[in-house]
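The block underneath contains the structure these notes are about, expressed in structure tokens.
None of these values were measured; they are calculated from a predicted model.
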Amino acid sequence: MSASAPSRATREAFGATLVELAEQGVNVVAVDADLAGSTTTKKLGSYDPDRLVDVGIAEQNMIDVAAGLSLTGRIAFTSSFAVFGTGRCYDQIRNTVCYSNLNVKIAPTHAGISVGPDGGSHQMLEDVSLMRGLPGMRVLVPADYAAARAALRLAAATPGPVYVRMGRAAVPCVYDDEVELELGRAYVLREGSDVTIVANGVEIREALAAADALADAGISAEVIDAFSVKPLDGATILESVAKTRCVVTAEEHSVIGGLGSAVCELLAGADPVCVECVAVRDRFGKSGEFEELLGYFNIDATAIVEAVKKVRERAGLC
């Protein structure tokens, strides 16, 4: 783990990592929907104009162009805000990319409530659910800049459709700069014995802060980064649950269909224990500053602490 690097948004890794891959001879291209500055794919275009295709405000066309490029042997990354890059073009992702198992990487930025003042129309809270439900789609939700860089490299190296979810807000460094992550693996960031906290994305920082607060109260929390939502690392989660006997999930996403749902599906079939899910409760987002919205939607460290207390009481562990 690294504590020295400054906070950075996961989206900042996008363009820089594509340039790194291109420099290494990887045949990557980006197809952007008129947001190359915000998504940072503009950096790839500056490196090599032939590697960036801007289709304008036409997200469905973006997916189809990426699909065509993949059929010529290129590794095509699509680039837009999550609300447009998954919702507006879901049909094309489903029927053009996934149905044919094409080598296209859906990699939007500005997911979740981190877009803050842009409000509920732009705060995509159901994208993990949409992508996770697609046959053949892998789903990665990196926690920091280094993890986003690793996720993008992993996506490029993995044949077939991959979804990489990135955000706008700057988040603290969790991983070492040169970390390499594995598909289908979760990472134990802090060992504990009294409760398992499974989180990903920006909620990792909240989970670690909650673990600190819980330690002060005499509760030992194990924190797991479920970076790979699909495939999910069931073995690591079940090994933790065998010790703690209760689970809290935390995600910057709807409570429906995301990480919490994936963990509950796992436990229901293997080791049913008490679970509390910290997530947005079946509603749209709201305009406000990111830090303010974490508290408003009850997905901050305080909410995780309260969920831990609740789940331990339900499980008869306190």
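By the rule that hydrophobic residues join a cluster once side-chain heavy atoms approach within less than 4.5 Å of another member, Leu125 and Val255 end up as members of separate clusters. Under the 4.5 Å side-chain heavy-atom criterion for ILVMFWY residues, a single connected hydrophobic cluster contains both Leu183 and Leu152. Ile256 and Tyr163 fall into different hydrophobic clusters, where Ile, Leu, Val, Met, Phe, Trp and Tyr side chains are chained together by heavy-atom contacts under 4.5 Å.
With hydrogens and angles disregarded, a donor-acceptor distance shorter than 3.5 Å links the side chain of Gln123 to the backbone of Gly116. For Thr10 (side chain) and Gly167 (main-chain N/O), a donor-acceptor pair under 3.5 Å exists by modelled atom type. The main-chain N or O of Gly184 is never found under 3.5 Å from a side-chain atom of Lys230 such that the two would form a donor-acceptor pair. Listed for the Asp176 side chain is no donor-acceptor partner under 3.5 Å among the backbone atoms of Val179. Proximity of a side-chain donor or acceptor of Asp144 to a complementary backbone N or O of Tyr175 within less than 3.5 Å is detected. Under the 3.5 Å distance criterion, the side-chain polar atoms of Lys105 are left unmatched by any main-chain donor or acceptor of Val162. Between the side chain of His122 and the backbone N or O of Val115 there is no donor-acceptor pair closer than 3.5 Å. A donor-acceptor pair is defined here as one N or O able to donate and one able to accept, closer than 3.5 Å; no such pair exists between the side chain of Glu206 and the backbone of Ile304. With Thr40 contributing its side chain and Arg11 its backbone, the two residues share a donor-acceptor pair below 3.5 Å.
Partner Leu266 forms a side chain to side chain contact (heavy atoms under 4.5 Å, CB included) with one of Val247, Ile237, Asp233 and no other, that one being Ile237.
Of all heavy-atom pairs between Ser240 and Ile224, the closest is CB-CD1, 3.7 Å. Here the closest heavy-atom approach between residue Ala66 and residue Val104 is recorded as O-CG2, 3.7 Å. Between Leu102 and Thr96, the shortest heavy-atom distance links the atoms CD1-O, 3.4 Å. Smallest separation of non-hydrogen atoms from Cys98 and Pro135: CB-O, 3.8 Å. Of all heavy-atom pairs between Arg74 and Val29, the closest is CD-CG1, 3.6 Å. Of all heavy-atom pairs between Ala147 and Ala143, the closest is CB-N, 3.7 Å.
Remark: the Asp177 side chain and the Tyr145 side chain contain no N/O donor-acceptor pair separated by less than 3.5 Å. With 3.5 Å as the limit, one finds no donor-acceptor pair spanning the side chains of Ser220 and Asp194. With hydrogens and angles left out, the side-chain atoms of Thr196 and Thr244 include a donor and acceptor closer than 3.5 Å.
Side-chain contact between Arg205 and Leu294 is present, with heavy atoms from C-beta onward closer than 4.5 Å. Between Ile113 and Phe297 there is a side-chain heavy-atom pair separated by less than 4.5 Å. Side-chain contact between Val311 and Lys309: absent, with no pair of heavy atoms (C-beta onward) separated by less than 4.5 Å. Asn101 has its side chain within reach of Pro161: a pair of non-hydrogen atoms, C-beta onward, lies under 4.5 Å apart. Here the side chains of Leu21 and Thr17 are in contact, with some heavy-atom distance below 4.5 Å. Residues Pro272 and Leu267 fail the side-chain proximity criterion, which asks for heavy atoms closer than 4.5 Å. With contacts defined as side-chain heavy-atom distances shorter than 4.5 Å, the pair Phe81/Glu59 does not qualify. Side-chain contact check for Arg138 versus Thr158: some heavy-atom pair is nearer than 4.5 Å.
Listed by first then second residue, pairs satisfying salt bridge (Lys or Arg N to Asp or Glu O under 4.0 Å) with a partner in residues 48-58 read Asp48-Arg51, not counting sequence neighbours. Every pair passing salt bridge (Lys or Arg N to Asp or Glu O under 4.0 Å) that includes a residue from residues 145-171 is listed here, sequence neighbours excluded: Glu20-Arg149, Glu20-Arg153, Asp118-Arg168, Asp127-Arg165, Arg149-Glu178, Arg153-Glu180, Arg165-Glu252.
No more than 12 heavy-atom neighbours from other residues, nucleotides or ligands sit within 6.0 angstrom of CZ on Arg94. Atom CG of Leu71 has more than 12 neighbouring heavy atoms from other residues, nucleotides or ligands inside a 6.0 Å radius. Surrounding CG of Asp216 are more than 12 heavy atoms belonging to other residues, nucleotides or ligands, all under 6.0 Å away. Counted within 6.0 Å of CD on Glu191, heavy atoms from surrounding residues, nucleotides or ligands total 12 or fewer; the atom is thus considered open.
How far CG of Leu232 is from OG of Ser261: 11.5 Å, rounded to the nearest 0.5 Å. Remark: Phe227 CZ to Leu154 CG distance equals 5.5 Å, nearest 0.5 Å. The OG atom of Ser70 sits 10.5 Å away from atom CD1 of Ile75, with the distance rounded to the nearest 0.5 Å. Considering CG of Asp225 and OH of Tyr187, their distance stands at 8.5 Å, rounded to 0.5 Å. Considering CG of Leu293 and CD of Glu289, their distance stands at 8.0 Å, rounded to 0.5 Å. Atoms CD1 and CZ, from Ile93 and Arg88 in turn, are 12.5 Å apart once rounded to the nearest 0.5 Å.
Not counting sequence neighbours, Ser129 has no partner by the side chain to side chain donor-acceptor pair (under 3.5 Å) test. In terms of the side chain to side chain contact (heavy atoms under 4.5 Å, CB included) criterion, residue partners of Asp271 (sequence neighbours excluded) are, by chain and number, Leu238, Val241, Arg245, Val273. Every residue meeting the side chain to side chain contact (heavy atoms under 4.5 Å, CB included) condition with Tyr296, not counting sequence neighbours, appears here in chain and number order: Arg283, Lys286. For Pro159, the side chain to side chain contact (heavy atoms under 4.5 Å, CB included) test picks out no residue, with sequence neighbours left out.
Salt-bridge check for Glu126 with Arg132: failed, with every basic side-chain N at 4.0 Å or more from each acidic carboxylate O.
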Inset, instruction - Apply side chain to side chain contact (heavy atoms under 4.5 Å, CB included) to the pair Cys173 and Arg8, showing each step before the final yes or no. - result: CA-CA 7 Å; Cys173 179; Arg8 303 180 72 178; over 6 Å; no
Inset, instruction - Evaluate the side chain to side chain contact (heavy atoms under 4.5 Å, CB included) criterion for residues Val19 and Glu23: first the C-alpha distance (whole Å), next the side-chain angles of each, then the deciding distance (0.1 Å), finally the verdict. - result: CA-CA 6 Å; Val19 170; Glu23 289 174 337; 3.8 Å; yes
Inset, instruction - Please lay out, stage by stage, how Glu222 and Arg190 fare under the test salt bridge (Lys or Arg N to Asp or Glu O under 4.0 Å). - result: CA-CA 5 Å; Glu222 183 145 290; Arg190 185 171 303 182; over 6 Å; no
Inset, instruction - Evaluate side chain to side chain contact (heavy atoms under 4.5 Å, CB included) for Asp32 paired with Leu52, printing each intermediate quantity in order. - result: CA-CA 7 Å; Asp32 198 282; Leu52 176 62; 4.1 Å; yes
Inset, instruction - Please report the C-alpha distance between Phe84 and Cys89 in whole Å, then the side-chain angles of each, then the deciding distance to 0.1 Å, and finally whether the side chain to side chain contact (heavy atoms under 4.5 Å, CB included) criterion is met. - result: CA-CA 7 Å; Phe84 308 125; Cys89 50; over 6 Å; no
